[in-house]
There are 2 protein chains.
Amino acid sequence: MPRASKPKNLSIRDVAELAGVSLGSASRVINKVANVSEGTREKVERAIKQLGYRPNHAAQSLRLRSSRTVGCLLTDVANPLYAKLYRGLEERLRPHGYMMLLANSLNQAEREIEILSTFVSRGMDGLLIAPGNERDREVLAAVRSLPVPTVILDRDMDSPTDSVLFEHVPGVKNLVQYLAGLGHKRIAMVLSQSPNRPIRRRTEGYRMGYKLAKLEVNEEFIVHLPSATSSAFEAVSTLLRRTDRPTALLVMGTTILNDTLNAIGAQRLRIPDDVSVVSFGDPDFAAGHVPAISSLRIDLEKAADEATALLLARMRGEEGPPKSVTLVSDFIPRGSCGPAPKKT
Amino acid sequence: MPRASKPKNLSIRDVAELAGVSLGSASRVINKVANVSEGTREKVERAIKQLGYRPNHAAQSLRLRSSRTVGCLLTDVANPLYAKLYRGLEERLRPHGYMMLLANSLNQAEREIEILSTFVSRGMDGLLIAPGNERDREVLAAVRSLPVPTVILDRDMDSPTDSVLFEHVPGVKNLVQYLAGLGHKRIAMVLSQSPNRPIRRRTEGYRMGYKLAKLEVNEEFIVHLPSATSSAFEAVSTLLRRTDRPTALLVMGTTILNDTLNAIGAQRLRIPDDVSVVSFGDPDFAAGHVPAISSLRIDLEKAADEATALLLARMRGEEGPPKSVTLVSDFIPRGSCGPAPKKT
DNA sequence: GTGAAAGCGCTAACAT
DNA sequence: ATGTTAGCGCTTTCAC
């Protein structure tokens with residue numbers, strides 16, 4: 001083991017001293033500023049290595065008014081979608097020397113406000129946020145008055161802030177048309193209830209697809225689960241027990257999809273022979289399932305690209321009106337979709 | 001909207017000025033130090049509110065040599081286990097005023113070293129780490145020489161550092177005995193390959209259980225998948241096609257479990273009639289599956305409790321030899337386990 | 001090219 | 001109880 005002792009509070013002053021130069025010169029070497037002789041550079045670099053010196057970040061932040069840190073506010077990293085997004089964001093910010101502060105708001109409005117305030121007081125250089133309470137007056141006010149470069153992720157908020165939006169409407173529309181083309185006339189959709197988030201848009205693409213396929217929407221086929229955590233098993237089972245049961249199911253990813261697959265299995269129905277299935281979002285297990293589950297997917301790598309590009313530009317000082325990028329979901333057709341079953 | 005203008009660089013000096021008191025008094029009010037008259041306190045508090053002042057964190061950190069920040073190094077938050085753990089850690093650190101810097105190492109050794117170094121240079125008050133390369137010489141050296149309070153999570157590293165360990169050995173041992181009690185004589189185990197991590201221990205409990213049940217281990221029933229990402233579908237299918245196919249399957253959670261369930265379904269075998277299934281780790285879908293999948297679970301809330309308790313104590317300045325807490329997995333029996341099928 | 005010195009915003013020790 | 005001041009570690013302007 002090389003140096004197991006504590007690098008007790010060593011500062012640039014120690015480096016300068018050991019190198020036999022002034023504090024200013026040491027700083028110039030560290031910051032790769034011009035006007036340093038080769039000899040000085042070498043002496044300082046040797047001293048740095050010898051001491052194992054690393055600049056004190058707090059002092060740098062204070063002096064430079066920049067923390068090289070980006071604050072990230074998510075409702076919950078335990079949501080795989082956000083976890084992957086976070087990873088992508090970190091991956092792209094790292095090469096620029098930024099680290100990320102991550103805070104989960106767990107959908108609590110006061111907490112979201114508090115987190116944003118803390119981010120500001122901690123001098124974040126930029127913010128990447130996906131607050132759960134996008135319609136809350138106070139959260140909205142807090143977001144609108146953020147004095148740092150910010151990009152809103154996946155939230156349609158009424159604020160003049162850069163944003164990256166995930167758009168399912170055209171995807172769902174195309175999907176419904178696609179299923180109609182396979183002969184499906186009864187396509188059900190199962191959604192979770194999202195408090196404080198606009199739910200209307202989710203059915204928009206569905207209705208458009210129906211209209212374009214010249215089919216009539218049966219409102220009973222649009223199922224909103226009573227709570228965000230309630231099981232879809234019963235809801236789907238009920239749907240499948242109808243005499244005019246749907247021949248295709250459009251369900252939200254991960255949990256609801258799982259419940260749905262279980263409900264289908266429990267009634268000994270087969271996919272896609274008896275019922276076709278499509279997932280909103282592409283959870284890891286969808287591709288591996290037998291048969292593989294068709295999905296509507298948002299490209300999270302692209303989302304991370306766009307979000308960091310917007311943020312980095314602002315942090316670089318770029319001015320101008322708010323920009324918004326909308327990412328449309330791709331349809332990944334897999335084995336879970338087939339022609340509608342013949343009437344029996 | 002209240003104050004949409006930028007709170008342009010306002011400092012404690014502005015507060016003092018507006019309140020008509022000295023800078024020192026303002027500081028005393030903010031820090032709730034004794035020796036402040038009621039009048040002064042009020043004036044300062046009013047000024048603070050009026051200006052929307054929040055102390056500059058970098059200056060505080062520099063002065064106090066404390067960042068009120070904890071660095072968290074994980075291999076990957078997109079692993080649901082870690083995502084939940086992170087949430088639990090954050091939840092417990094927040095009330096103490098700590099925020100968390102989260103960095104994913106993606107299992108890269110140099111990156112883990114770099115992250116640790118950055119954490120130190122950024123003056124983290126404490127560290128919570130689960131490096132992927134627990135056997136790497138350099139990573140180990142970096143961890144051993146960390147000059148800040150640190151708790152190692154779920155990694156058995158040769159370092160005099162506080163740690164919270166997850167222990168499956170007794171759990172697996174009991175589990176094998178339990179299954180043997182149900183008449184199972186051929187219990188297979190499917191594990192992923194984890195590079196740089198000791199794999200030996202994983203089979204330890206398994207062998208102990210076999211021995212206690214007076215059964216002989218068939219080495220072909222211990223399956224290590226060739227890579228961490230390879231599908232278990234084929235491996236499990238092969239296992240199930242044997243004439244002496246296992247009557248019980250012990251598989252790692254999430255992905256491998258999914259592949260396993262698919263493989264079982266594809267061969268039209270039924271759980272638990274034809275084959276019993278137990279998961280290492282308790283992914284969200286296990287409980288909702290039909291039938292519900294029995295699991296070996298680590299209580300992540302408890303893990304977060306222990307880890308933060310250790311860290312907070314050290315950050316408070318507590319001295320003493322390294323402490324280690326070991327959490328043993330609980331067995332959650334569910335419908336996926338039944339008596340071994342009668343010979344047919 | 002290099003050194004000296006100011007000052008970022010804050011806390012705490014020291015005067016009063 | 002309150003005001004004044006030193007100094008945390010750093011970058012950068014200004015002389016030389």
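Numbers restart at 1 for each chain; the letters A, B, ... are given by sequence-line order, proteins then strands.
Between the CZ atom of B:R13 and the P atom of D:dT5 there is a distance of 11 Å, rounded to whole Å. What separates CD1 of A:I12 from C1' of C:dG3 is a distance of 13 Å, to the nearest Å. Taking atom NE2 of residue B:H57 and atom C1' of nucleotide D:dC8, one finds them 14 Å apart after rounding to whole Å. To the nearest angstrom, P of C:dA12 lies 10 Å from CD of B:Q60. For B:Y53 and C:dG9, the OH to C1' distance is 7 Å, given to the nearest whole Å. The separation between A:R122 atom CZ and C:dC10 atom P is 15 Å, rounded to whole Å. The separation between B:K32 atom NZ and C:dA12 atom P is 14 Å, rounded to whole Å. Distance, A:N31 CG to D:dT12 P: 6 Å, rounded to whole Å.
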Quiz item: Can B:E91 and A:R111 be said to form a salt bridge (charged side-chain N to carboxylate O under 4.0 Å, His left out), step by step?
Solution: CA-CA 12 Å; B:E91 215 52 24; A:R111 188 152 159 180; 2.9 Å; yes

Quiz item: How far apart are the C-alpha atoms of B:E318 and B:K323, what are their side-chain angles, what is the distance that settles it, and do they pass the salt bridge (charged side-chain N to carboxylate O under 4.0 Å, His left out) test?
Solution: CA-CA 11 Å; B:E318 197 174 293; B:K323 294 184 185 175; 3.1 Å; yes

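Applying the 4.0 Å criterion to OP1 and OP2 of C:dG9, one finds that B:N56 has every side-chain N and O outside that range. Regarding contacts with the backbone of D:dT2, a side-chain N or O of B:T40 is found under 4.0 angstrom from either OP1 or OP2. For B:R65, a side-chain nitrogen or oxygen approaches OP1 or OP2 of D:dG9 to under 4.0 Å.
Taking the charged nitrogens against the carboxylate oxygens, A:E301 and A:R92 do have a contact shorter than 4.0 Å, which makes a salt bridge.
Listed nucleotides D:dT2, D:dC10, D:dT12 differ in distance to B:N35; the shortest reach to its side chain belongs to D:dT2. Proximity note for B:L64 (side chain, C-beta onward) versus D:dC10, C:dC10, C:dA12: the nearest is C:dA12. Picking from C:dC10, C:dC8, D:dT2 the nucleotide with the shortest atom distance to the side chain of A:L62 gives C:dC8.
Using modelled atom types, no side-chain atom of A:D125 and backbone atom of A:V70 make a donor-acceptor pair closer than 3.5 Å.
Near DNA chain D, meaning a heavy atom under 4.0 Å from it, residues 19-29 of chain B has B:V21, B:S22, B:G24, B:S25, B:R28 in order of number.
When A:E112, A:E110, A:Q108 are each tested for a side chain to side chain donor-acceptor pair (under 3.5 Å) with A:N133, only one passes: A:E112.
With contacts defined as side-chain heavy-atom distances shorter than 4.5 Å, the pair B:T69/B:Y98 does not qualify.
Take B:E114 and apply the side chain to side chain donor-acceptor pair (under 3.5 Å) test, not counting sequence neighbours, and it matches B:T118.
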